[in-house]
Q: 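My questions all concern the structure below.
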Amino acid sequence: MSRWDAQMSFDELGRPLRELTFCVVDLETTGGSAAGGSMITEIGAVKVRGGEVLGEFQTLVNPHAAIPPFIAVLTGITSSMVATAPSIESALPSFLEFAQGCVLVAHNAPFDVGFLQHFAAQQGRPWPQFEVLDTARLARRVITRDDAPNCKLSSLAVAFGSTTTPNHRALSDARATVDVLHGLMERLGGLGVHTLEELSTFSSRVSPAVRRKRHLAEHLPHAPGVYLFRDERDEVLYVGTSRDLRTRVRSYFTASESRARMGEMVNLAGSVDHVECATPLEAGVRELRLIAAHRPRYNRRSRRPDKVHWVKLTVEPWPRLSLVRKVADDGADYLGPFSSRGTAERCVAALHETFTVRQCTDRLPLTPTRSPCVLAEMQRCLSPCDGSVDVDTYAGEVDRLRTALREDADQVVEALTRRMAVLAEGERFEEAGVHRDRLSAFVRAASRTQRLGSLSGCAELVAARREDDRRWAVHVVRHGRLAAAGIIPVDAHAGDWVRGLRESADTVLPGVGPTPAATAEESELVLRWLEQPGVRLVHVEGEWTCPVGGVARHLEVHDAVATSRAGLVPFDERRQLTTVHRPTR
C-alpha cells in the first residue's frame with residue numbers, strides 16, 4: 001500500500017477551527033415564513049478568521065410591501081427607511097459574494113439560512129454548498145444554567161461578555177453572534193474540540209455508564225406510544241412520546257441526546273415503562289394526561305394544567321371584567337384559559353383600552369349613588385356609579401364587548417393598532433410595545449376561546465385521515481376530549497369498524513360553561529390534528545364552526561412578533577409562542 005493509499009481523507013484529518021473563515025449572518029424579516037410571503041428587510045454579516053474580523057456586510061432590503069407596525073416597533077425598521085433600499089434581487093447576490101468560501105454561521109440557522117435559500121431558489125440562483133454552524137444548537141450542548149438562564153442570543157451575549165448588545169438589527173445581532181461563537185469555541189477548546197469535524201460530533205460523547213443502559217429500551221416496540229422513565233424507587237422521572245418507542249428511548253443512551261437535564265435524568269433511570277398507542281395523536285394525549293397525573297420533575301411543561309386564569313364578563317346589573325381561577329355555570333362570558341395572571345391582566349387592559357366598561361371591582365346596585373372615579377373624569381369609563389349613564393347605553397357597550405369576545409375582534413385590533421402606529425411614529429417604541437403585548441394577549445386568548453368553545457360544543461366528532469403508511473387513522477372526540485382512537489384494519493369494512501369504535505369510546509360529559517371536557521392543552525392538540533390537510537369528517541353531533549370575523553385571522557402577525565421577541569426577553573418572563581420572525585433565539 002502506498003503512502004497515498006494510507007493517507008487519511010481531508011475530513012478525517014480535520015480542519016482546525018482557527019484556520020477556517022466564518023461568515024456570521026443575521027436577518028430581519030417581516031414574518032417567519034418565506035414560503036408564506038414574508039420578506040427580508042435587512043441583512044447583516046461579519047466575516048471572521050482566527051478571532052480577527054475580516055469584513056462586515058450590511059444592507060437594508062426593500063420588501064416592496066408595508067412593514068407591519070408590530071415589526072416596526074420590534075426592530076425600529078419602518079417602511080420609509082427601506083423605501084430606497086435595494087431589493088432582495090440585488091442584495092442577495094452581494095451577500096453570497098461576500099460569504100463565498102466561508103462556513104456560514106447563524107443563531108438559529110434554519111431560520112436565517114432558510115430565508116436565504118428560499119430567495120435564491122426564487123431567483124433561479126444556485127445555492128452554494130455552505131457548511132452551516134448553528135450557535136443556538138451548539139450552545140445547547142455545552143451551556144448549563146450556571147452559565148446562562150437559557151441559550152437565547154441575548155442571554156449568551158451577556159454570558160460571554162459580548163461588546164455588542166443584540167437589538168434586532170441585523171449587523172448588531174451578527175456582531176453579538178460572533179462574540180458568542182468565539183466564546184463557545186473557547187469553551188469547547190478546553191474539552192478537546194479543535195476541528196470542525198470534532199465540533200460536529202461533539203454530542204456523541206456519552207459515558208460508558210449511560211451506554212450500558214441501552215438494554216432498558218430492548219423490550220419496547222417499534223410503535224407509537226408514551227414512555228415513562230422511572231428511578232430505582234419506581235418514581236416517574238420523565239414522560240415522553242414518540243412514533244417509534246424503541247428507537248426514541250434508545251436515543252437517550254446515544255449521541256442524539258445532548259441535553260444536560262436529560263443526561264441527569266438518564267443517569268437516575270432504572271427502568272422504562274411504556275403505553276403503546278394506536279396513533280400519534282393518542283400518544284400525545286396520553287402523554288399530557290400522564291404528566292398531569294405524575295408531575296415528573298424532569299418534565300417542564302403540562303405539569304399543572306389546573307393552574308390557569310380566566311377573564312370573566314360578569315353577570316350583574318352593571319357588568320365588568322374580572323379575573324377568576326375557575327369557570328362557573330352561570331351564563332357569563334369567559335376568555336381563556338391563561339397560564340399566567342400577567343397575561344390575563346394584559347388582555348383585560350386591551351379590552352379596557354377599547355371599551356369604557358367600569359373597572360371597579362365591587363358590585364353596584366341598579367341605581368348607584370357614588371362619586372365618579374378618576375377613570376370617569378378621564379372619560380375612560382361610562383361612570384355608572386354616579387348615574388352618568390343609563391342602563392341601556394351601558395348595556396350597548398357591554399354588548400359590543402361581548403361581540404369582541406365571541407365573534408368579531410376588529411374593534412379591539414383597530415383601536416390598539418392605531419394607538420401603536422401613533423406611538424411608533426413618535427418613536428415612543430417602549431409605550432407602543434406595551435400596547436402590542438396587550439393586543440397580542442387578547443388576540444391569542446380570544447382565538448383560543450373561540451376554537452376551544454366550538455370544539456367543546458360538539459357532543460361527538462369523528463374524523464379520519466390517511467397516514468403516511470396509507471392506513472386510515474380514526475379519532476372520536478367528545479366535548480373536546482379524545483374518547484377513542486384506532487387504525488382501520490386493511491381487511492375491515494370501514495363503516496362497521498368506525499361504528500364499533502364509536503360504541504366502545506369513553507363516555508364524556510360536557511365541561512362547565514365554555515370549557516372543554518379535557519384540559520385546554522389536550523383539546524388544542526386534538527384541534528391541530530383535526531385542522532391538518534387531508535382530515536375527513538365522518539360524523540358530527542353539533543356544530544363545529546369558526547366565526548367569519550373571528551380573531552384567528554389576526555394571529556399570524558402576533559405570532560411573528562412573539563417568536564422574534566423570544567430571542568431577547570428574559571428567560572423567566574412567561575409567554576405563549578409560536579413562529580415567525582426568529583424562532584427560539
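As the structure is a computational prediction, the values presented were derived from the model and not from experiment. Counting from 1, the numbers follow the sequence of the chain as shown.
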Q: For G225, does its backbone N or O pair with a side-chain atom of T241 as donor and acceptor, under 3.5 Å?
A: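 Yes: the side chain of T241 pairs with the backbone of G225.
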Q: On the 0 to 90° scale, with breaks at 30° and 60°, tag the F57-F98 ring pair as parallel, tilted or perpendicular.
A: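 Tilted, since the angle between the ring planes falls between 30° and 60°.
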Q: Do you know the tightest heavy-atom contact between A72 and I67?
A: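 Distance-wise, the nearest heavy atoms are N-CG2, 4.0 Å.
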Q: Rounded to the nearest 0.5 Å, what's the gap from CG on L96 to CG on L104? Could you check?
A: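 That separation rounds to 9.0 Å.
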Q: Give the intermediate values and the outcome of salt bridge (charged side-chain N to carboxylate O under 4.0 Å, His left out) for residues E353 and R438.
A: CA-CA 9 Å; E353 287 275 346; R438 291 174 177 177; 2.9 Å; yes
Q: Would you call the rings of F229 and Y252 parallel, tilted or perpendicular if under 30° counts as parallel and over 60° as perpendicular?
A: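 Perpendicular.
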Q: Verify the distance criterion only: is there a donor paired with an acceptor across the side chains of T519 and E521 at less than 3.5 Å?
A: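 On atom types as modelled, these side chains do not qualify, holding no pair under 3.5 Å.
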Q: Evaluate the side-chain hydrogen bond (donor to acceptor under 3.5 Å, both in side chains) criterion for residues D147 and T144: first the C-alpha distance (whole Å), next the side-chain angles of each, then the deciding distance (0.1 Å), finally the verdict.
A: CA-CA 5 Å; D147 301 314; T144 67; 3.0 Å; yes
Q: F160 and L184: side-chain contact (heavy atoms from CB on, under 4.5 Å), yes or no, with the steps?
A: CA-CA 8 Å; F160 289 116; L184 290 169; 3.8 Å; yes
Q: Just checking E430: does its CD atom have more than 12 heavy atoms from other residues, nucleotides or ligands closer to it than 6.0 angstrom?
A: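 For E430, atom CD is not crowded (no more than 12 foreign heavy atoms under 6.0 Å).
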Q: Would you find a donor on one side and an acceptor on the other, under 3.5 Å apart, between the side chain of N62 and the backbone of A83?
A: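 Yes.
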Q: Taking it one step at a time, do R436 and L74 satisfy side-chain contact (heavy atoms from CB on, under 4.5 Å)?
A: CA-CA 10 Å; R436 171 201 62 207; L74 182 72; 4.2 Å; yes
Q: Rounded to the nearest 0.5 Å, what separation is found between the CD atom of Q123 and the NE2 atom of H118?
A: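 The CD atom of Q123 sits 9.5 Å away from the NE2 atom of H118.
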Q: Would you say that more than 12 heavy atoms from the other residues, nucleotides or ligands in this model lie under 6.0 Å from the CD of Q532, or not?
A: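 Yes, CD of Q532 has more than 12 neighbouring heavy atoms, counting only those of other groups under 6.0 Å.
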Q: Do other residues, nucleotides or ligands put more than 12 heavy atoms under 6.0 Å from the CZ atom of R18?
A: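 No, not enclosed.
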Q: Can you tell me how far the OG atom of S38 sits from the CG atom of L27, to the nearest 0.5 Å?
A: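 Reported to 0.5 Å precision, the distance equals 12.0 Å.
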Q: Stepwise, does the side-chain contact (heavy atoms from CB on, under 4.5 Å) test hold for M265 with N299?
A: CA-CA 10 Å; M265 184 275 294; N299 283 96; over 6 Å; no
Q: Between K47 and T21, is any pair of side-chain heavy atoms under 4.5 Å apart?
A: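 K47 vs T21: side chains touch.
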Q: For E531, does the CD atom sit with more than 12 other heavy atoms under 6.0 Å from it, leaving out its own atoms?
A: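 Result for CD/E531: enclosed.
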Q: Between A106 and V25, which heavy-atom pair has the shortest distance, and what is it?
A: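 Residues A106 and V25, closest heavy atoms: CB-O, 3.6 Å.
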Q: Are a donor atom and an acceptor atom from the side chains of S172 and R175 found within less than 3.5 Å of each other?
A: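 No, because no side-chain N or O of S172 sits under 3.5 Å from a partner of the opposite role on R175.
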Q: Out of V158, D173, T135, N108, which one pairs with L153 under the side-chain contact (heavy atoms from CB on, under 4.5 Å) rule?
A: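 Between L153 and the candidates, side-chain contact (heavy atoms from CB on, under 4.5 Å) is satisfied uniquely by D173.
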Q: Hey, mind stepping through Y227 and L290 against side-chain contact (heavy atoms from CB on, under 4.5 Å) and telling me if it holds?
A: CA-CA 10 Å; Y227 54 89; L290 286 167; over 6 Å; no
Q: Roughly how far apart are F130 CZ and Q100 CD, rounded to 0.5 Å?
A: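 Result: 8.0 Å between the selected atoms.
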Q: Describe, in one word, how the ring planes of F115 and F111 are oriented to each other, choosing from parallel (under 30°), tilted (30 to 60°) and perpendicular (over 60°).
A: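 F115 vs F111 ring planes: tilted.
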Q: Counting heavy atoms not belonging to E467, are there more than 12 under 6.0 Å from its CD?
A: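 Counting neighbours around CD of E467, more than 12 heavy atoms of other residues, nucleotides or ligands fall under 6.0 Å, so yes.
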Q: Nearest 0.5 angstrom please: T75 OG1 to E28 CD, how far?
A: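 These two atoms lie 6.0 Å from each other.
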Q: Look at atom CD of E425 and say whether more than 12 heavy atoms of other residues, nucleotides or ligands are closer to it than 6.0 Å.
A: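 Check fails, neighbour count at 12 or below.
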Q: Looking at CZ of R125 and CD of E89, how far apart are the two atoms once the value is rounded to the nearest 0.5 Å?
A: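 Here the rounded value is 9.0 Å.
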